[in-house]
Peer 1: 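Just dropping this structure here.
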Amino acid sequence: MAGDGLTPARNDGPAVAPPEPEAGQVTAEPSGDRRETIRANLRAVRERISAACETVGRDPREITLIAVTKTFPASDVRLLADLGVTDVGENRDQEAAAKAAECAGLPLTWHFVGRLQTNKVRSVAAYADVVHSVDRPRLVSALSTAAVRAGRALRCLVQVSLESGAESRGGAAPADVPALADAVAAADGLELGGVMAVAPLGADPAPAFARLADTAHALRAAHPAATIVSAGMSGDLEQAIACGATHVRVGTALLGGRQAIVR
Ligand SMILES: *Cc1c(COP(=O)(O)O)cnc(C)c1O
């Protein structure tokens with residue numbers, strides 16, 4: 001974690017003393033250090049969420065923290081669950097399917113937050129509770145078929161593109177959101193949860209999140225139960241909360257940097 005600029009950088013280890021082990025307690029795997037790192041990161045992220053809410057007069061209980069665990073092992077998911085995290089997010093089906101299977105039985109809500117190809121939908125529908133990346137009609141019909149076949153109800157968010165021009169980060173153009181939302185709401189096996197977006201790379205996220213808030217507001221007028229606004233990541237969760245985010249998706253700030261993935 002970066003220094004605060006007020007005190008000289010020191011390396012005294014975690015600021016939080018490890019708890020006294022209780023009698024008979026098994027040492028957390030894979031190491032107590034990892035557990036303490038995640039515990040400290042989780043506390044810091046929760047403090048950021050609380051501070052962001054306080055700034056704009058919101059209640060922190062309105063915010064769901066989704067721990068994005070992509071590239072990190074199932075053992076980290078277990079540690080997060082043990083530390084009280086209830087929601088986890090993944091962005092690649094192959095990795096997510098294996099991890100969800102390893103973590104079956106944990107009281108977790110699984111969020112699929114990555115771009116979704118129709119040939120992965122059947123797999124995703126088996127473990128995901130919420131799909132954040134619905135951005136085209138073909139995906140709605142595929143998800144509906146898969147959810148019905150799996151006997152599950154899938155909550156779907158319409159992903160909104162906040163970029164003008166090339167949609168490098170996925171998502172439907174704002175003008176296409178109402179029709180997509182109607183399609184989700186009408187589809188068997190699917191529930192319309194709300195909207196999701198990723199801020200444009202390298203630009204001020206605030207105006208983009210403000211556009212998302214407008215889209216979310218219009219959606220709620222037509223679908224009052226679609227209250228989810230999934231926005232904000234490690235670098236911009238404060239701006240997202242200021243613009244009405246209900247769900248923040250945080251990876252790096254909880255688990256550390258990821259290795260680049262070569263696809
Ligand atoms: C990886 C990812 C995140 C988390 O990003 P961090 O910057 O690591 O917090 C959030 N949302 C989506 C869609 C992601 O793919």
Side-chain angles (χ1 to χ4, degrees), residues 1-2 37-38 40-49 51-52 63-74 76-77 79-80 83 85-97 99-100 108-117 120 124 127-136 139 155-163 167-172 193-206 208-209 212 215-216 228-241 243-263:
M1 196 149 289
T37 299
I38 294 177
N41 290 347
L42 182 59
R43 176 173 305 178
V45 168
R46 290 211 190 281
E47 279 169 6
R48 282 177 63 189
I49 292 170
I63 313 294
T64 300
L65 171 62
I66 301 172
V68 178
T69 50
K70 64 189 183 198
T71 79
F72 291 98
D76 280 356
V77 176
L79 288 173
L80 286 161
L83 291 166
V85 168
T86 55
D87 291 73
V88 293
E90 288 281 335
N91 75 333
R92 289 171 67 238
D93 170 61
Q94 216 185 349
E95 179 185 346
K99 225 177 280 182
L108 289 170
T109 297
W110 288 80
H111 298 256
F112 190 85
V113 302
R115 293 190 109 171
L116 184 50
Q117 296 165 279
K120 306 287 190 199
V124 168
Y127 59 83
D129 300 292
V130 188
V131 176
H132 289 230
S133 44
V134 178
D135 62 358
R136 56 198 190 277
L139 205 46
R155 182 160 291 165
C156 292
L157 310 185
V158 175
Q159 183 174 351
V160 185
S161 172
L162 299 178
E163 284 162 293
E167 295 169 15
S168 59
R169 310 195 92 184
V195 292
M196 174 272 206
V198 181
L201 271 176
D204 179 4
F209 288 147
L212 179 66
T215 303
I228 294 176
V229 180
S230 167
M233 321 200 309
S234 293
D236 57 19
L237 67 87
E238 286 84 0
Q239 291 94 330
I241 287 171
C243 289
T246 62
H247 290 58
V248 294
R249 310 178 306 265
V250 180
T252 310
L254 288 173
L255 297 169
R258 292 179 290 271
Q259 305 284 328
I261 302 171
V262 180
R263 300 186 191 208

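For ligands, and for the atoms within them, numbers begin at 1 and follow the listed sequence. Note that this is a predicted model, so its numbers are computed, not measured.
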Peer 1: Among V85, T64, D87, exactly one meets side-chain contact (heavy atoms from CB on, under 4.5 Å) together with T109. Which residue is that?
Peer 2: D87
Peer 1: Are more than 12 heavy atoms from other residues, nucleotides or ligands located less than 6.0 Å from atom CZ of R155?
Peer 2: no
Peer 1: According to salt bridge (charged side-chain N to carboxylate O under 4.0 Å, His left out), who are the partners of D129, at least two apart in sequence or on a separate chain?
Peer 2: R152
Peer 1: Quick one: ring-ring contact (aromatic ring centres under 6.0 Å, His included) partners of H111, sequence neighbours excluded?
Peer 2: H132
Peer 1: Ignoring hydrogens, what is the shortest heavy-atom contact between A231 and F209? Give both atom names and the distance.
Peer 2: CB-CE2, 3.8 Å
Peer 1: Between ligand 1 and the protein, give all atom pairs where both partners are nitrogen or oxygen and the distance is under 3.5 Å, as lines of names plus distance to 0.1 Å.
Peer 2:
from, atom 1, to, atom 2, distance (Å)
ligand 1, 8 (O), T252, N, 2.8
ligand 1, 8 (O), T252, OG1, 2.5
ligand 1, 8 (O), R258, NH1, 2.8
ligand 1, 8 (O), R258, NH2, 3.1
ligand 1, 9 (O), S234, N, 3.0
ligand 1, 9 (O), S234, OG, 2.5
ligand 1, 9 (O), G251, N, 2.8
ligand 1, 11 (N), R249, NE, 2.8
ligand 1, 15 (O), K70, NZ, 2.6

Peer 1: My understanding is that only residues two or more places apart in sequence, or in another chain, count here; which of them pass salt bridge (charged side-chain N to carboxylate O under 4.0 Å, His left out) with K120?
Peer 2: none
